[in-house]
Colleague: 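My structure is below; once you've seen it, I'll send some questions.
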Amino acid sequence: MIKQNSNFFEKVYILVKRIPEGKVMTYGQIADILGTKDARKVGWSLHGNQDPKVPCHRVVNKEGKVALNYSMGDWREQKRKLLEEGVAFIDEMYVDLKKYLWQMR
DNA sequence: AGAGTGACTCATA
DNA sequence: CTATGAGCCACTC
């Protein structure tokens with residue numbers, strides 16, 4: 001069991017929950033907003049996540065590639081959800097970041 | 001304290 | 001395209 005007492009964990013939750021439908025975010029982007037340089041920690045936090053309220057399927061790496069270790073199932077499941085929200089894939093595992101990357105204003 | 005691990009990213013070759 | 005090495009930081013043993 002992963003220790004989720006850290007403040008970082010909550011921040012990741014809050015931020016990911018704010019991602020609107022049809023948008024995605026990268027690990028590096030989240031890490032930067034949370035004041036860290038470590039994108040691994042973001043992925044690690046989401047890996048320990050099992051809360052269905054957190055749309056972790058909207059979080060992808062910097063190339064727009066989906067994660068292979070998706071908590072709710074396979075990466076295929078993640079892809080399916082994104083497609084239903086209107087996020088187009090430019091390849092089998094890559095989303096179009098140019099159009100769907102969500103940036104805070 | 002030290003070593004290993006990890007849903008990442010960047011630079012180099 | 002692949003392969004390494006490094007940086008990053010929390011966790012476990």
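If you're wondering where the values come from, they're calculated on a predicted model, not measured in any experiment. Residue numbers start from 1 in every chain, and the chains themselves are labelled A, B, ... in the order their sequence lines are given, proteins ahead of strands.
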Colleague: Under 4.0 Å, heavy atom to any atom of DNA chain B: which of residues 69-84 of chain A qualify?
Modeller: A:Asn69, A:Tyr70, A:Ser71
Colleague: Could you walk me through whether A:Tyr13 and A:Asn49 pass the side chain to side chain donor-acceptor pair (under 3.5 Å) check?
Modeller: CA-CA 9 Å; A:Tyr13 275 23; A:Asn49 171 50; 3.1 Å; yes
Colleague: Would you indicate what A:Leu46 reaches in the nucleic acid, counting non-hydrogen atoms under 4.0 angstrom: base, sugar-phosphate, or nothing?
Modeller: base
Colleague: With distance as the sole test, does A:Ser71 use its side chain to make a donor-acceptor pair with the main-chain N or O of A:Leu46 at under 3.5 Å?
Modeller: yes
Colleague: Round to a whole Å and report the spacing from NZ of A:Lys62 to C1' of C:dC8.
Modeller: 16 Å
Colleague: Does A:Arg80 pair with A:Glu84 as a salt bridge, N-O distance under 4.0 Å?
Modeller: yes
Colleague: Could you state the NE2-C1' distance from A:His47 to C:dC9, rounded to the nearest angstrom?
Modeller: 18 Å
Colleague: Examine A:Val59 and A:Tyr100 and state if one hydrophobic cluster contains both, with Ile, Leu, Val, Met, Phe, Trp and Tyr joined whenever side-chain heavy atoms are less than 4.5 Å apart.
Modeller: no
Colleague: In whole Å, I'd like the distance from the CZ atom of A:Phe9 to the C1' atom of C:dC9.
Modeller: 15 Å
Colleague: Is A:Trp102 reachable from A:Leu34 through a run of hydrophobic residues whose side-chain heavy atoms are each under 4.5 Å from the next?
Modeller: yes
Colleague: How would you give the extent of chain A contacts on DNA chain B, as first and last nucleotide 5' to 3' within a 4.0 Å heavy-atom cut-off?
Modeller: B:dG6 to B:dC10
Colleague: Would you kindly give the NZ-to-P distance between A:Lys37 and C:dA10, to the nearest whole Å?
Modeller: 12 Å
Colleague: Donor-acceptor pairs are to be reported for all side-chain atoms of residues 14-32 of chain A against protein atoms at under 3.5 Å, with residues two or more places apart or in another chain.
Modeller:
unit_1  : atom_1 : unit_2  : atom_2 : d
A:Lys23 : NZ     : A:Lys99 : O      : 3.4
A:Thr26 : OG1    : A:Gln29 : N      : 3.1

Colleague: Could you tell me how far apart A:Phe8 (CZ) and C:dA10 (C1') are, to the nearest whole angstrom?
Modeller: 9 Å
Colleague: Give the rounded distance in Å between these two atoms: OH of A:Tyr27 and P of C:dA10.
Modeller: 19 Å
Colleague: With no hydrogens and no angle check, is any side-chain donor or acceptor of A:Asp91 less than 3.5 Å from a backbone partner on A:Met93?
Modeller: no
Colleague: Please lay out, stage by stage, how A:Glu85 and A:His57 fare under the test side chain to side chain donor-acceptor pair (under 3.5 Å).
Modeller: CA-CA 11 Å; A:Glu85 293 182 0; A:His57 57 275; 3.0 Å; yes
Colleague: Please report the distance, rounded to the nearest Å, between CG in A:Asp38 and P in C:dC11.
Modeller: 12 Å
Colleague: Drop me the distance from A:Ser45's OG to A:His47's NE2, to the nearest 0.5 angstrom.
Modeller: 11.5 Å
